[in-house]
Amino acid sequence: MEVSDGHLAALSALNGCDGQLVCQAVCEAATDGITAQQLSQGLSKKGQNVSADGIAALTAVILEAARTSSQDSIASLLQDNGVDQTVADAITQVFSERMSSLRVALLRTGLKHRRLLDVTWRLDHHVTGNHQQRDGYALYDLRLHTDQGPVQFLCNLEQMQDLVTTLQDAVQQSSRDAE
């Protein structure tokens, strides 16, 4: 797992806390977008005095472990960085129970890119002016079908040409990288 040295050093702030309660709160905060400072204040109301740095460090470790599916190495990482074995075991137990929901949250926030499945498009001609002198312009209606749902947008001819050129450049670069 790749966790910064600053976060690893801050893990010892977890000693003396209820590892199960703190880890449950961190897992909930990670999926709900609560900051480490808010979480630290909420935990202090429950009698758990853990610094915001300790919360941020545990959050980093938990999210990295969920991202890499490193369920087995979390306890040893915590113990190697000064966390008591009882606290580390409690954190590991809660993490094991919550790992799938954390991975779902990470997938929603960008663990992987969308995969393009299909493209549909339509050319619309928009007419402006009176019926005697018609001025108009073309507008492309594009729908990109991805594994996470469709993405739809409109563009004019110039924007469409830019998009096609960019995609052609990407294909050329990919084929060069594959060689």
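We use all heavy atoms of the structure for the numbers below, so side chains are in, but hydrogens, waters and symmetry mates are not. Index from 1, following the sequence.
- The number of heavy-atom neighbours closer than 6.0 Å to CZ of Arg115, taken from other residues, nucleotides and ligands shown, is 12 or below.
- Residue Gln172 holds its CD atom at 6.5 Å from OG of Ser175, rounded to the nearest 0.5 Å.
- To the nearest 0.5 angstrom, Ile74 atom CD1 is 12.5 Å from Gln93 atom CD.
- Each of Val26, Leu58, Leu102 was compared with Leu63 under the side chain to side chain contact (heavy atoms under 4.5 Å, CB included) criterion, and only Leu102 meets it.
- For the atom pair OG1 of Thr68 and CZ of Arg103, the computed distance is 8.0 Å after rounding to the nearest 0.5 Å.
- Residue Ser96 holds its OG atom at 11.5 Å from CD1 of Ile91, rounded to the nearest 0.5 Å.
- Cluster partners of Val151, using a side-chain heavy-atom cutoff of under 4.5 Å among ILVMFWY residues and allowing indirect links, are Leu116, Val119, Trp121, Leu123, Tyr140, Leu142, Leu144, Phe153, Leu157, Met160, Leu163, Leu167.
- In the hydrophobic clustering of this structure, Val94 does not group with Met99; members are Ile, Leu, Val, Met, Phe, Trp, Tyr whose side-chain heavy atoms approach within less than 4.5 Å, directly or through other members.
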Return a table of donor-acceptor pairs under 3.5 angstrom between the side chains of residues 80-90 and protein atoms on other chains or two or more places apart.
unit_1: Asn81; atom_1: ND2; unit_2: Leu77; atom_2: O; d: 2.8

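- The side-chain contact (heavy atoms from CB on, under 4.5 Å) test applied to Gln152 returns Asp141, Arg143, not counting sequence neighbours.
- Nearest heavy-atom pair across Leu106 and Ala66 is CD1-CB, 3.9 Å.
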